[in-house]
Asks: 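Here it is, the structure, as structure tokens.
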There are 2 protein chains.
Amino acid sequence: MENVTIKDIARALNLSTSTVSRALRGSYEINPETKRLVMEYAEKLNYRPNPIALSLKGSSSRAIGVIVPQIANYFFSQAINGIEAIAYNRGYHVIIFQTHESYEREVANVQQAMARKVDGLLISLSSETSDVNHLQDLLQRNLPLVQFDRVSEELNTTKVVADNYAGAFAATEHLIKSGRRRIAHLTIPRWMSITQERLAGYRAALEQYGIPFDENLVRYGTFGPDEALGMVDELLAQSPRPDAIFTASDRLALGALAALRQRHISIPDEMSIIGFTNLNVADLLSPSLSTVVQPAQEIGQAAAERLIELIERKHRAMPPNTVVIPSHLEVRESTRVASSTAS
Amino acid sequence: MENVTIKDIARALNLSTSTVSRALRGSYEINPETKRLVMEYAEKLNYRPNPIALSLKGSSSRAIGVIVPQIANYFFSQAINGIEAIAYNRGYHVIIFQTHESYEREVANVQQAMARKVDGLLISLSSETSDVNHLQDLLQRNLPLVQFDRVSEELNTTKVVADNYAGAFAATEHLIKSGRRRIAHLTIPRWMSITQERLAGYRAALEQYGIPFDENLVRYGTFGPDEALGMVDELLAQSPRPDAIFTASDRLALGALAALRQRHISIPDEMSIIGFTNLNVADLLSPSLSTVVQPAQEIGQAAAERLIELIERKHRAMPPNTVVIPSHLEVRESTRVASSTAS
DNA sequence: TTGTACGCGTTATCAT
DNA sequence: ATGATAACGCGTACAA
């Protein structure tokens with residue numbers, strides 16, 4: 001029942017550990033007969049190579065690190081699900097680290113991941129992170145690194161992201177076509193990649209339909225709790241009032257929804273909401289909100305696939321590129337009604 | 001840049017590795033002066049002991065394994081969040097394994113976790129699991145093991161669970177007090193601990209209010225997708241129809257909600273729903289459903305705390321016990337309305 | 001107080 | 001085709 005080692009097999013078969021080791025990995029310079037013997041015995045004893053010893057030896061640890069802001073988040077939990085699925089059937093394990101949106105913890109987590117000798121690292125930046133030297137170091141050490149969702153252009157790595165620009169464009173366009181003109185944008189910290197991409201899509205749609213961009217309609221949040229209410233109140237204080245809200249996250253969408261209810265604003269008559277969310281949340285919100293659905297799981301899968309490619313073909317120089325996974329607009333009643341109102 | 005080892009320090013300071021090793025861990029039998037020297041130099045070089053080497057050496061790996069059915073699940077992602085929080089500030093890492101509700105993968109995951117030399121294991125059983133020999137083995141090897149949420153009584157370990165009985169009782173009682181009499185129960189596989197506890201609470205409430213238990217009103221599902229519709233249709237075919245549904249999971253609650261909408265059953269006039277969910281989902285469902293809120297994060301925290309206690313043997317032979325975290329009923333409009341209807 | 005030698009499980013290198 | 005040995009980084013019995 002105790003763990004079987006190469007030594008055990010060697011002793012039992014009167015061989016040396018090196019022979020057993022070679023036989024096990026099917027070395028061509030070994031007697032087929034011996035090989036068979038070893039294989040069978042190993043099978044019988046249910047031998048499994050000790051990954052710890054392998055890691056120490058310096059070869060692969062068969063583990064990949066995943067650094068995310070939070071696990072208890074619809075997007076990331078689904079992304080991790082996708083990552084784990086790919087990793088599992090490629091024989092890798094997933095070690096998870098949470099930054100809780102803290103730069104310090106991100107740095108610490110990177111160090112820990114290195115100490116654990118992960119074969120590669122998947123990372124989605126914390127909202128506090130602007131300096132990426134801790135990751136530049138890794139690249140210089142040639143560690144396989146893939147960024148996903150929240151990425152930094154300063155890092156020359158493969159990136160896997162949702163099509164934030166197109167998603168934001170589609171959402172804004174849909175609101176415009178539903179007859180809305182004063183479309184507010186509730187979003188997340190200014191400097192993040194996803195914030196800027198979504199803002200750009202929002203602006204582009206406004207421009208295309210000849211609606212002037214109004215700085216006052218854009219509100220940047222942090223990831224703090226319950227901040228949507230304050231933001232919504234600020235918007236409601238303006239005149240004329242906004243007639244729609246496009247939010248950059250599921251939390252803000254839900255927060256805005258709750259805030260409008262609390263202020264007795266009727267949806268969709270007085271206001272429409274479209275949020276950037278993901279499948280789980282979209283289902284839950286049905287039929288009250290239209291949403292831009294982020295393919296969280298696919299992003300995770302794609303990121304894991306790229307990383308494992310990188311790990312296993314380290315020698316070959318694959319140029320880093322950016323993989324954009326489409327996000328699609330899922331139209332629900334609230335905006336449909338508004339749409340008919342507008343026509 | 002490169003990772004600093006004890007050897008590097010020893011060479012630089014003209015000491016032996018053992019002296020350095022002892023100095024680093026503050027052995028009392030070392031020259032204070034030498035100790036200081038070593039400490040300072042180690043600090044300067046930002047020395048970190050290699051966890052892999054430590055694991056191989058056989059002492060602690062400072063990692064705990066967490067085996068759950070799924071990560072992309074509201075309950076488990078929050079539970080993991082709680083686990084990670086505790087683990088992090090106790091200096092442990094979390095390695096996550098998903099069983100995807102498969103017994104085979106659960107067994108494989110347990111083996112993998114052992115191979116990774118985790119210091120302890122937190123597990124929530126897959127829905128397929130009835131044989132627990134793979135875990136009995138661990139206990140015999142004296143591996144710290146804590147079960148949470150979905151537990152097996154056959155295993156003599158510490159268990160951390162929600163108060164499923166009381167939660168189900170409260171939900172059922174609330175429906176009864178709202179005037180409902182034919183309360184259906186949509187639940188999950190029969191043999192699971194949580195299923196039985198919730199069923200018991202449901203039955204106890206019926207009994208207390210003199211409502212006969214009707215086997216036909218209880219439907220057992222698997223964890224398959226979209227199964228709620230079929231279950232609801234079966235219930236609707238009965239006469240008299242049920243006038244309320246108590247579901248054992250958030251998925252079933254949402255599924256039942258969708259099914260009733262699809263069949264044009266008005267809620268709460270014709271039917272009430274109460275589901276076992278957790279905070280995230282409860283918020284999202286608001287204000288349409290009352291829910292029994294499961295303290296997922298607290299369960300994770302409590303489980304991690306117990307496990308780490310076990311690992312560090314704070315208390316010598318601590319007898320395994322069961323920690324029950326209260327779950328509370330959160331009443332929302334749908335059943336309130338029904339309540340006024342009934343009066 | 002400090003150093004030497006060994007072992008954890010494995011593979012790579014150099015014999016034989 | 002197979003065996004002996006060193007090495008990965010660390011802790012510790014044993015020696016000095």
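Proteins get letters first, then strands, A, B, ... in listed order; numbering begins at 1 in each.
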Asks: Assign B/Asp8 to base, sugar-phosphate, or nothing according to its heavy-atom contacts below 4.0 angstrom with the strands shown.
Replies: nothing
Asks: Can you sort out the partners of B/Arg62 under salt bridge (charged side-chain N to carboxylate O under 4.0 Å, His left out), two or more places apart, ordered by chain and number?
Replies: B/Glu312
Asks: Output yes when at least one side-chain N/O atom of B/Arg25 is less than 4.0 Å from OP1 or OP2 of D/dT12, else no.
Replies: yes
Asks: Would you mind listing every salt bridge (Lys or Arg N to Asp or Glu O under 4.0 Å) that reaches into residues 67-85 of chain B, with sequence neighbours excluded?
Replies: A/Arg105-B/Glu84
Asks: Do B/Gln70 and A/Asn81 have side-chain N/O donor and acceptor atoms under 3.5 Å apart?
Replies: no
Asks: In degrees rounded to 10°, what angle is found between the helical axes fit to the five outermost pairs at each end of the helix from C/dT1-D/dA16 to C/dT16-D/dA1?
Replies: 60°
Asks: Report the residues that fulfil side chain to side chain contact (heavy atoms under 4.5 Å, CB included) with A/Glu43, sequence neighbours left out, ordered by chain and then residue number.
Replies: none
Asks: For A/Leu155, give me all partners under side chain to side chain contact (heavy atoms under 4.5 Å, CB included), at least two apart in sequence or on another chain.
Replies: A/Val132, A/Leu135, A/Gln136, A/Leu139, A/Gln147, A/Ser152, A/Thr157
Asks: Enumerate all atom pairs, one protein N or O and one N or O from nucleotides 14-16 of chain D, separated by less than 3.5 Å.
Replies:
none

Asks: Kindly say whether, by distance alone, the side chain of A/Ser18 makes a donor-acceptor pair under 3.5 Å with the base of D/dA4?
Replies: yes
Asks: Which of these nucleotides, C/dT2, D/dA1, C/dT11, is closest to any side-chain atom of A/Asn31?
Replies: D/dA1
Asks: Using side chain to side chain contact (heavy atoms under 4.5 Å, CB included) as the criterion, list what pairs up with A/Ala42, not counting sequence neighbours.
Replies: A/Ile9, A/Leu24, A/Tyr47
Asks: Applying side chain to side chain contact (heavy atoms under 4.5 Å, CB included), can you list everything that pairs with A/Arg11, at least two apart in sequence or on another chain?
Replies: A/Lys7, A/Asp8
Asks: Report the residues that fulfil side chain to side chain donor-acceptor pair (under 3.5 Å) with A/Glu101, sequence neighbours left out, ordered by chain and then residue number.
Replies: A/Ser127, A/Arg150
